[in-house]
Amino acid sequence: MEAILKAGWGLILFTIFTLGCSSSDSEVTPDTGDTGSTSSSITAALVTTTSSNTSCSASTGVAKVVCLAEAFKATLSSSQVSTTQLTYSKANAQKWSNLPAGLSGRIGIDLGSLSDTQLAAFRDLMVALLDVSTSNEGYDEMLGNLVADDYLNTVGGGSDYGAGEYYLSFLGTPSTTGLWEILFTGHHYTQPYTFNAGKLAGVTPAFRGVEPASAVTANSKTYQPFEQERVTFAAMLTGLSTTEQATAKLSSTYSDILLGPGKDASFPTAKSGLQVGTLTAAKQALVLDAIKLYVNDLDATSATAILNMYTSELANTYVSYSGTTAVSTQNDYVRIDGPNVWIEFSYQGGVIVRNTPHPHSVWRDRTGDYGGN
Amino acid sequence: MKNNISTIGRLSTWLIVLLIITLLSGGLIAHPMPNSVVLLRVNQDHIHVELQLPLSELQAAIGKSVNDSSAGLTERLGPELRAYLLAHVRSKTLDGRPWRVTVGALAVHETKNTINGTYRELTAQLQLIPPAGTDVRHFNFDYDVILHQVVTHKILVSVSEDWAAGQLKEQTPVQVGVIVLDIVNNRILPLAVNLESGNIWKGFVAMVRLGKEHIAEGTDHLLFLLVLLLPAPLLHTRKRWASFGGVKYSLSRLLWIVTAFTIGHSLTLLLGAFGWVKLPGQPIEILIALSIMVSAIHAVRPLFPGKETWIAAGFGLIHGLAFANTLANLSLDTGRMALNILGFNIGIELMQLAIIAVTIPWLILLSRTPYYTYLRNTGAIFAGLAAVAWTAERVTGQANSWTAIVERIADYAPYGLGVLALLAIVFTLKTRLIREG
């Protein structure tokens, strides 16, 4: 009976959604109303951010991450460990994509194969690595991404999509001395953490995106994980004067990001657009707000160090865009290009939810990608 | 042969090929936006180009709602689209002289792949003609359709057909390059196309190979011939097949039948390939199925005893028309057509002779035993059933499960040959033992 009710509701929501899509064309501003609703046992197991781990609480920094990584491995069977624990190589680190894992193979262990105990240990690791205090940022943004993919699974995407299709791997053995990486990657979300000699050496290339762009409800909570970024980019661009906008505007069209997966070490030699140093402090702050929505996804300690660097380089950072300043139309595109920071945001055509744009975004670092390796 | 089916088969092969190209390029890691595909068909003195342009990306490049309202697009915007393509497809000799470019037919299709789902594309047929006396196989392809504006776009360039290099349309296109923005330097470089040197011999050999494959895969042609040969070693009365007629008798009848079939199909292949005779594929395919039926019945009870040569020649005419349709689909240079027909025909003959050479000795051996009647009737009934299935398929235009079974059995033909040889040896020994005993 419950299943029938659920299916009925799904059908009604899907119909409403389809009708909504057909009436609007390529110009869609996601509203805050729910697109649909979906829950899986995986997102349910990950929804709490209270760590169940007690043995690692005494340690801090990289030592704590190593402790939590080991605690996660301790919950795995030996064959699961050999799936998860791989050797560090650039080739392994480059195995990320903006396609679902079913279309572009990932390495590591998929969340779909983990038990609730193992998922809890995964969550304990991720809540230590990501910010847990802000809705739709940090850990919550990641979870929202899994929720959205569960939703795609139910609206025609099929088994290539879903929270179970996200993969965690350790490249190199977790340690406070050597070179190793935590790589968490799935359809619209990739976040690497490269450690070297007891220090965090790099957190890029990090891919963010989501389809649908509008809100999805799961486990009685509403997620719209990438809406803040879009709104903040729009605020940054509309905050500029007409002359500044003209300088920032790129003549080319971008139907996707430039430096997606496979485009490593391909940063343009010449910077395009508007130099942030020429702007008023208030407008510079708007640019920094956009950068923060990427950097502050990380735990506070890691975020502060990186943000300090990007802030000190802000004057020599450039912003540019293509399309509209509202960042709400298909092929709208924004770029932040600094001495180190590189962020691209592309509002592009829908794939599963056709005729409705969705964001793709990449955060790279001109020297810090793959921890400088 | 199998015209409808092979067309569908070819289309799906193409889709798979395109999908593979799409997936392989860029290492299967990115690009949710559809790519452009450029297929080069290399002829003797010009290159035919098919462009496949995703309309969503084309709209982003030129506006004009080409994707939002794609109905009647080519009627509405044909001249504009042609002018646009001419401005962005430039081919130059290595020393910088421009080729002549013309834009032919435009069409809008809906297409599909795993990554992008269903989307619409514009296809355009172009001719690239080098200045007189310059090489068609080495040039700089200065192409930036869509890409001049949409810098995230990607263009996959492949050779779909290159006769002189031995690459025919039925093979997988060979990628020669990808045109993308050079992000680091913010520029689009022309693609240097350097095709391996081609010659007439490579093309000829490819045609021989095609002819061989055509017969090896052409279950219906083979079945016709084999069933016609089944009673060839036998003497006959007016109503029944009788005993073995001797080796010399058998070989002479085989030779006549095979030669007659060859003359028949060579004649219509020649006429059809040059376009002097053109018949629609479906009736030919149906007649071929019926020809198998007739020779199957004949193998059970003589319908036209002693006149197999004429029957073989007559049906050869029909089979030749089917071969000609295959050649016509290849859209080869007419200047080289005679060579193509010769190569294709030689391939067909070589394969036929090879199959006859490995089959006939066993049939002759078996026909000397009393058990041959069973083999002949079994073979004839199987061929008859296959003929019924093919006729039904070709009349209705819909595949049925019988033909699938026939094709599957045909895959095991080499094993069947082994069984035939074994039966021939066992029955020959047995017959001899009985006679001696």
Side-chain angles (χ1 to χ4, degrees), chain A residues 25-27 91 94-100 102-106 156-158 160 185 187-188 190 207 209 211 250-272 322-323 329-333 344 346 348-355 358 360 362, chain B residues 19-20 22-36 53-70 110-121 144-155 178 180-189:
Chain A
D25 207 340
S26 61
E27 196 160 330
Q94 287 172 313
K95 284 185 182 140
W96 61 278
S97 167
N98 54 28
L99 295 174
L103 296 178
S104 177
R106 304 301 206 278
D160 284 340
T185 177
H187 178 199
H188 272 135
T190 290
F207 184 87
E211 186 176 18
L250 299 163
S251 58
S252 295
T253 304
Y254 297 78
S255 60
D256 198 353
I257 53 175
L258 273 183
L259 299 183
K263 301 285 179 62
D264 298 322
S266 304
F267 300 98
T269 312
K271 294 197 182 334
S272 305
S322 173
T329 312
Q330 184 170 330
N331 297 337
D332 281 354
Y333 170 85
E344 282 180 279
S346 154
Q348 59 188 252
V351 175
I352 304 298
V353 186
R354 289 186 77 189
N355 303 320
H358 75 289
H360 272 202
V362 73
Chain B
L19 178 65
I20 291 168
T22 316
L23 290 176
L24 289 182
S25 58
L28 205 144
I29 51 177
H31 245 265
M33 292 303 115
N35 308 308
S36 285
L53 311 169
L55 284 176
S56 58
E57 296 277 282
L58 185 64
Q59 177 166 322
I62 64 169
K64 304 196 188 296
S65 298
V66 295
N67 189 40
D68 293 345
S69 44
S70 61
E110 192 158 79
T111 183
K112 188 176 186 177
N113 70 35
T114 329
I115 293 171
N116 308 112
T118 306
Y119 63 95
R120 277 157 300 182
E121 64 180 19
D144 64 354
V145 176
I146 298 177
L147 183 60
H148 67 96
Q149 178 60 32
V150 183
V151 289
T152 45
H153 193 65
K154 185 170 174 177
I155 297 134
V178 178
V180 286
L181 174 74
D182 168 5
I183 300 171
V184 175
N185 302 301
N186 193 33
R187 61 184 177 183
I188 300 159
L189 292 176

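Every chain is numbered from 1, with letters handed out A, B, ... down the list of sequences.
Note that the OG atom of Ser255(A) and the NE2 atom of His153(B) stand 8.0 Å from one another [nearest 0.5 Å]. Separating the CD atom in Gln59(B) from the OG1 atom in Thr253(A) is a distance of 11.0 Å, to the nearest 0.5 Å. With rounding to the nearest 0.5 angstrom, the CG atom of Asn186(B) is 9.0 Å from the OG1 atom of Thr269(A).
Other residues, nucleotides and ligands contribute at most 12 non-hydrogen atoms within 6.0 Å of the NZ atom of Lys64(B).
Looking at Phe267(A), the atoms closer than 4.5 Å to chain B (heavy atoms on both sides) all sit in the backbone: N, CA, C or O. Neither the backbone nor the side chain of Leu250(A) comes within less than 4.5 Å of any heavy atom of chain B.
Minimum interatomic distance between Leu258(A) and Ile183(B) (heavy atoms only, all atoms of both residues): O-CD1, 3.7 Å. Closest non-hydrogen pair, Asp256(A) versus Thr152(B), comes out as O-CG2, 3.0 Å. Heavy-atom minimum distance, Val151(B) versus Ser252(A): CG1-OG, 3.4 Å. The minimum heavy-atom distance linking Gln149(B) with Ser251(A) is given by the pair NE2-O, 2.8 Å.
Two residues are said to be in side-chain contact when any heavy atoms from C-beta on lie closer than 4.5 Å; Asn331(A) and Val150(B) fail this criterion.
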